[in-house]
Number of protein chains: 2
Amino acid sequence: MSQTVDRALSILPLLAQGPADLGQVADRLGVHKSTALRLLRTLHEHGLVYRQEDQRYRLGARLFALAQEAVENLDVREIAHPHLVALNERIGHTVHLAVHEEGEVLYIDKVESRYPVRMYSRIGKPVAITVAAVAKLLLADLPEAERRAVAEKLDYPTYTSRSTPNAAAFLKELATVREQGWATDLGGHEESINCIGAPIHGADGRVVAAMSVSAPNVVVTAEELLTLLPQVRRTAEAISREYSGTAPNTPSAQGSSDDR
Amino acid sequence: MSQTVDRALSILPLLAQGPADLGQVADRLGVHKSTALRLLRTLHEHGLVYRQEDQRYRLGARLFALAQEAVENLDVREIAHPHLVALNERIGHTVHLAVHEEGEVLYIDKVESRYPVRMYSRIGKPVAITVAAVAKLLLADLPEAERRAVAEKLDYPTYTSRSTPNAAAFLKELATVREQGWATDLGGHEESINCIGAPIHGADGRVVAAMSVSAPNVVVTAEELLTLLPQVRRTAEAISREYSGTAPNTPSAQGSSDDR
DNA sequence: GGACGGCGTTGCAACATCTGCAACACCCAT
DNA sequence: ATGGGTGTTGCAGATGTTGCAACGCCGTCC
């Protein structure tokens with residue numbers, strides 16, 4: 001809708017592919033060098049673009065900071081986090097939280113281990129949408145038509161022999177997930193890693209996020225992992241309750257009251 | 001330099017603080033609602049802004065994807081990565097890689113453990129600049145004047161009793177680091193975590209990145225960690241050589257040839 | 001139930017801003 | 001020196017952007 005801004009923003013994905021100099025940017029944008037220069041300058045002032053020593057431009061640090069802040073201000077995440085930590089402390093495996101947004105599913109939180117070194121996961125990484133348990137949960141909740149549309153448009157890479165092969169299989173899987181209210185990924189992304197997940201509902205009943213527990217089968221077999229399902233579902237339900245406001249977050253026994 | 005783009009980009013940090021509706025955005029920008037609407041629309045088309053169900057705007061997913069791609073295209077990172085993995089496989093502890101950019105130091109890579117589950121760290125997270133070993137290494141290399149200017153401008157939060165207390169102490173520490181060619185963070189950020197780091201040099205001798213090894217002192221004491229210093233420095237040097245092109249990356253025994 | 005107020009949205013005309021041009025400054029290589 | 005390759009600047013013209021006012025919509029309050 002705004003040509004100038006549109007052009008400026010088009011520079012970002014362009015630079016995401018690698019550094020480029022002024023001429024290249026101007027060419028790719030189809031504008032004069034001087035215009036490209038002014039756009040880049042503006043982007044630079046805002047820190048979205050960085051000028052390296054060879055004068056070429058690349059994406060800047062502010063971008064990270066923004067993505068950072070963005071993810072920290074998601075309220076589902078804020079509410080869910082203590083529950084995820086609590087679950088992690090009980091079962092020890094990696095716990096993920098993910099949301100769906102405009103065709104992509106991405107992780108917005110992760111608790112890796114109860115180890116004193118608390119380090120965050122590569123949050124923001126798009127999920128393998130055709131196989132991940134959280135992706136299935138989030139897409140399964142879409143209205144029929146949209147679900148089908150999305151399924152048709154996806155690629156179905158065969159990460160492993162157990163990856164979802166095509167749209168038909170995926171839709172069938174989504175139907176199952178939708179009905180049973182939980183999902184798995186048994187070696188569909190990486191042969192040795194299994195995953196179980198449960199949906200988090202908002203006040204209107206729609207799925208707003210999904211969580212999962214992942215573990216390599218050298219640690220627990222798929223069967224053992226499945227025995228944890230009730231705990232995962234209870235946690236997801238506890239988060240849902242708190243998120244939808246059904247659970248008055250009493251100042252005292254707040255949060256992890258119900259997710260054990 | 002470009003008013004329109006400038007305004008549009010100003011929306012991003014604004015939304016980073018939390019979701020806002022059209023009116024709020026317009027007010028904060030000091031423009032008419034209709035202009036704000038058009039800017040937001042453009043941002044939305046590029047996926048930088050997302051419109052939630054209550055019609056309010058917040059930062060969008062593309063932002064993550066961009067930050068993601070950006071970090072993956074840094075050539076230091078690409079070159080360093082296999083070396084970091086190799087080091088990690090030998091010593092087992094967490095290995096970090098960081099760069100300095102416009103006043104911030106941020107992690108651009110991390111190898112957490114040799115565990116089969118390979119998961120990435122919260123890359124892009126700004127580092128505690130006054131205490132982290134990597135930050136000291138990167139800032140120590142700045143020219144005298146700039147170094148002082150940066151040191152004066154910083155805040156010195158006391159994370160622990162061993163945190164760098166003020167600019168004077170920091171500058172002194174930087175001088176030491178500069179001279180000895182390596183750095184530590186012994187409980188300066190979190191009481192129980194120690195850290196040793198070494199610089200990575202470019203062809204011109206300037207420090208382009210820094211790496212570090214971190215471990216909680218329940219696993220190894222600070223003294224034990226320091227015994228790993230030679231290995232860390234050798235790895236950093238190997239990366240430096242390959243990065244500055246001194247080491248012809250022979251197709252065969254490539255990369256991890258020298259960093260043991 | 002009707003009117004009000006708030007919010008997002010649209011079309012338009014006036015204007016300011018952005019654009020492309022051409023010339024310049026600079027660096028490196030020839 | 002001379003040439004080609006950058007990035008940079010000032011300018012006038014024109015395009016795109018702006019703010020306005022009016023509309024549609026949805027809740028709320030009388």
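Letters A, B, ... are given to chains in the order of the sequence lines, protein chains preceding strands, and every chain is numbered from 1.
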**Student:** I need the CD-C1' distance between A:Gln3 and C:dT19, as an integer number of Å.
**Tutor:** 9 Å
**Student:** Would you indicate, yes or no, if D:dG16 has its OP1 or OP2 atom less than 4.0 angstrom from a side-chain nitrogen or oxygen of A:Ser2?
**Tutor:** no
**Student:** Quick check on salt bridge (Lys or Arg N to Asp or Glu O under 4.0 Å): which of A:Arg51, A:Arg62, A:Arg58 does B:Glu101 satisfy it with?
**Tutor:** A:Arg58
**Student:** Kindly say if B:Thr35 contacts the phosphate of D:dG19, meaning a side-chain N or O under 4.0 Å from OP1 or OP2.
**Tutor:** yes
**Student:** Which residue in the set B:Leu15, B:Leu63, B:Leu39 passes side chain to side chain contact (heavy atoms under 4.5 Å, CB included) when paired with B:Val49?
**Tutor:** B:Leu15
**Student:** Look only at the side chain of A:Ser212 and the backbone of A:Val134, and say whether a donor-acceptor pair between them is shorter than 3.5 Å.
**Tutor:** no
**Student:** Determine, step by step, whether A:Met211 and A:Thr235 satisfy the side chain to side chain contact (heavy atoms under 4.5 Å, CB included) criterion, reporting the C-alpha distance in whole Å, the side-chain angles of both residues, the deciding distance to 0.1 Å, and the verdict.
**Tutor:** CA-CA 9 Å; A:Met211 59 174 292; A:Thr235 301; 3.9 Å; yes
**Student:** For B:Ser2, is there any backbone N or O sitting under 3.5 Å from a side-chain donor or acceptor partner on A:Thr42?
**Tutor:** yes
**Student:** With a cut-off of less than 4.0 Å, is there a side-chain N or O of B:Arg7 near OP1 or OP2 of D:dT18?
**Tutor:** yes
**Student:** Do nucleotides 5-10 of chain C as a string where each nucleotide becomes B, S or -: B if the base has a protein heavy atom under 4.0 Å, S if just the sugar-phosphate does, - if no protein is that close.
**Tutor:** ---BBB
**Student:** Quick check on salt bridge (Lys or Arg N to Asp or Glu O under 4.0 Å): which of A:Arg206, A:Lys136, A:Arg147 does A:Asp141 satisfy it with?
**Tutor:** A:Arg206
